[in-house]
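Inspection log for the structure reproduced underneath, given as structure tokens.
Counting from 1, the numbers follow the sequence of the chain as shown. Only this structure's heavy atoms are used, side chains among them; waters, hydrogens and symmetry mates stay out.
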Amino acid sequence: MKNKLMLLLLFSSTILLAQDTYIQCGKIIDTKTGKVLTNKTIIVSNKSIKAIQDGFVYPTNPADKVINLQTKTAMPGWIDMHVHLEEETSPTRYVEEFTQNDADVAFNSLGFAKSTLMAGFTTVRDLGGSGINVSLRNAINQGKVVGPRVLTAEKALASTGGHADPTNGYRKDLMGSPGPKEGVVNSLEDARQAVRQRYKNGADWIKITATGGVLSVAKSGSNPQFTQEEIEAIVGTAKDYGMQVAAHAHGDEGMQRAIRGGVKTIEHGTEMSEATMDLMIKYNAYYIPTLSAGSYVAEKALIPNYYPAIVVPKALAIGPKIKATFSKAYKKGVPIGFGTDAAVFPHGDNAKEFIYMNQAGMPIIKAIQAATIVSAKILEMDQQIGAIEPGYFADIVATNADPTEDINTVTNVVFVMKDGVVYKQ
């Protein structure tokens, strides 16, 4: 009995010593200063960064682990502020709405989530699905499945016939009359009820479709689709429940209503005027440009039958404009986060957004900061993610080359750690 007790105490003391991980990095991108540091060792304990030391340090505890990234460039895990993890683009997507069960959508989402994490995105904001995105978030948090940290808007809010009306394009006997429970708002009372329903359903954020959209089966891609008062009711109710609001918006008038109404982020912003840019600066609203989506839809619209006929002219008109708008907004000083609209293009290709942002005039270090410290601030998680510092979550990604010297390396992430767990090496 005494021997068993001694063994138990010895085993317990080994656990107490902890198994730290020493990550030896040839380079580290310091997202707070914008500088590239050389020859550092990141010490990770459990889910967090414990310390950063000069040189390539080796542990004295034999239980500790060493990861050699001496020829790599490490940086904080990236944040994508606009994804849809329940679906992915294909010529059959519009038909799949009627052929897939919820279980099919859920199983598909597992692959999309894993692809996103493997591409270096350790945190994402899911801006609208059926509600399966809430279950996916929970399953990831519980360690049941592999994926990024997810903050989700559950189901996006629309007006009748608006971009996120779930029955757009249906035949009349299937349209029905969706209301706040389904995310359709047509009055101030509807607005409040819809937000409360999202809260009840487990949402972290609220997403509204302030204007028409490109891929919805509806005529306009940019008309305003909420009144100023409805937006204010949504934002005010969301605030009561501890949530912020993101606004899909292509048209300028809808953007201005959303900004004045108090939304935190404008998604896409395609037809944003200089007056609206000034308004965003004044109200401290952030622009999430989704250049990847604009580029992809413009390309696919040229393929016969890839999209429904009503979508094609919108994709051709709106898609190519986003990059020019982004360039103007950056030069103007509009606060800019990082978001891609993954699902409009294949999940896992999210990092191409860095390249598009750079092509439109943003230095790569600024784009990396947009995907780290800036987006972390929008999420109110800037003391937890977005930087490699003691006390932050151990979300670390690495590339073969230094992105500030070779931007294309961002599309080939060779190391992924989230919450101290290595998922790719």
Side-chain angles (χ1 to χ4, degrees), residues 81-82 84-87 97 102 105 125-138 150-170 172-213 216-218 220 223-251 253-268 283 285 378-380:
M81 294 290 287
H82 193 135
H84 301 278
L85 290 174
E86 290 186 17
E87 59 182 300
E97 199 169 328
D102 284 353
V105 175
R125 187 178 58 160
D126 186 301
L127 284 186
S130 66
I132 288 168
N133 45 18
V134 172
S135 297
L136 176 64
R137 175 201 65 196
N138 295 345
V150 177
L151 293 94
T152 180
E154 202 250 356
K155 170 74 180 69
L157 306 187
S159 55
T160 294
H163 179 55
D165 183 328
T167 61
N168 276 340
Y170 288 16
K172 289 183 180 178
D173 62 313
L174 294 178
M175 278 186 182
S177 183
K181 185 176 180 181
E182 295 78 23
V184 178
V185 168
N186 290 295
S187 68
L188 301 185
E189 187 52 42
D190 280 358
R192 298 183 185 100
Q193 185 179 342
V195 171
R196 290 166 181 155
Q197 186 69 51
R198 305 285 79 73
Y199 171 79
K200 182 178 180 180
N201 293 352
D204 304 296
W205 273 72
I206 298 297
K207 191 246 186 117
I208 66 171
T209 53
T211 75
S216 51
V217 188
S220 177
N223 69 308
Q225 297 188 337
F226 281 100
T227 66
Q228 184 78 62
E229 292 76 18
E230 286 168 343
I231 293 173
E232 289 172 0
I234 289 168
V235 172
T237 308
K239 185 177 179 182
D240 288 344
Y241 286 81
M243 294 184 285
Q244 301 262 27
V245 180
H248 155 106
H250 289 293
E253 173 61 28
M255 270 181 261
Q256 292 199 9
R257 293 182 191 179
I259 296 162
R260 291 194 184 97
V263 305
K264 189 65 176 176
T265 63
I266 294 291
E267 315 297 310
H268 318 303
Y283 281 80
I378 298 169
L379 294 174
E380 299 179 347

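- Residues Ala203 and Met243 come closest through the heavy atom pair O-SD, 3.6 Å.
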Take Glu87 and Val105 through the test side chain to side chain contact (heavy atoms under 4.5 Å, CB included) and record every step on the way to the result.
CA-CA 7 Å; Glu87 59 182 300; Val105 175; over 6 Å; no

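- From Asp165, atom CG reaches atom OG1 of Thr160 across 6.0 Å, with rounding to the nearest 0.5 Å.
- Under the side-chain contact (heavy atoms from CB on, under 4.5 Å) criterion, Glu229 pairs with Leu188, Thr227, sequence neighbours left out.
- Closest of all the heavy-atom pairs between Glu253 and Pro224 is CG-CG, 4.0 Å.
- Note that the CD atom of Glu182 and the NZ atom of Lys155 stand 9.0 Å from one another [nearest 0.5 Å].
- Checked against Gln244 for a side-chain hydrogen bond (donor to acceptor under 3.5 Å, both in side chains), the options Glu380, Lys264, Arg125 give a single hit: Glu380.
- Between the Gln197 side chain and the Lys181 main chain, no donor and acceptor come within less than 3.5 Å of each other.
- Atom CZ of Arg198 sits about 10.5 Å away from atom OG1 of Thr152, to the nearest 0.5 Å.
- The minimum heavy-atom distance linking Ala246 with Glu267 is given by the pair CB-OE2, 3.8 Å.
- Taking OH of Tyr199 as the reference point, atom CD1 of Ile206 lies at 11.5 Å (rounded to 0.5 Å).
- Take Tyr283 and apply the ring pair (Phe, Tyr, Trp, His ring centres under 6.0 Å) test, not counting sequence neighbours, and it matches no residue.
- The minimum heavy-atom distance linking Thr211 with Gly254 is given by the pair CG2-CA, 3.7 Å.
- Annotation for Asp204 and Arg137: closest pair OD2-NH1, 2.9 Å, computed over non-hydrogen atoms.
- Side chain of Glu230 to backbone of Val185: no donor-acceptor contact under 3.5 angstrom is found.
- Ring centroid separation for the pair His82 and His268 comes in under the 6.0 Å cut-off.
- Looking only at atom types and distance, the side chain of Asn168 has no donor-acceptor partner in the side chain of Ser216 under 3.5 Å away.
- Nearest heavy-atom pair across Met255 and Ala249 is CG-CB, 3.4 Å.
- Annotation: the span from Lys200 atom NZ to Tyr241 atom OH amounts to 11.0 Å, rounded to 0.5 Å.
- In this structure, Ile208 and Val245 have side chains that are in contact, with non-hydrogen atoms separated by less than 4.5 Å.
- Between the CD1 atom in Ile378 and the CE atom in Met81 there is a gap of 4.0 Å [rounded to 0.5 Å].
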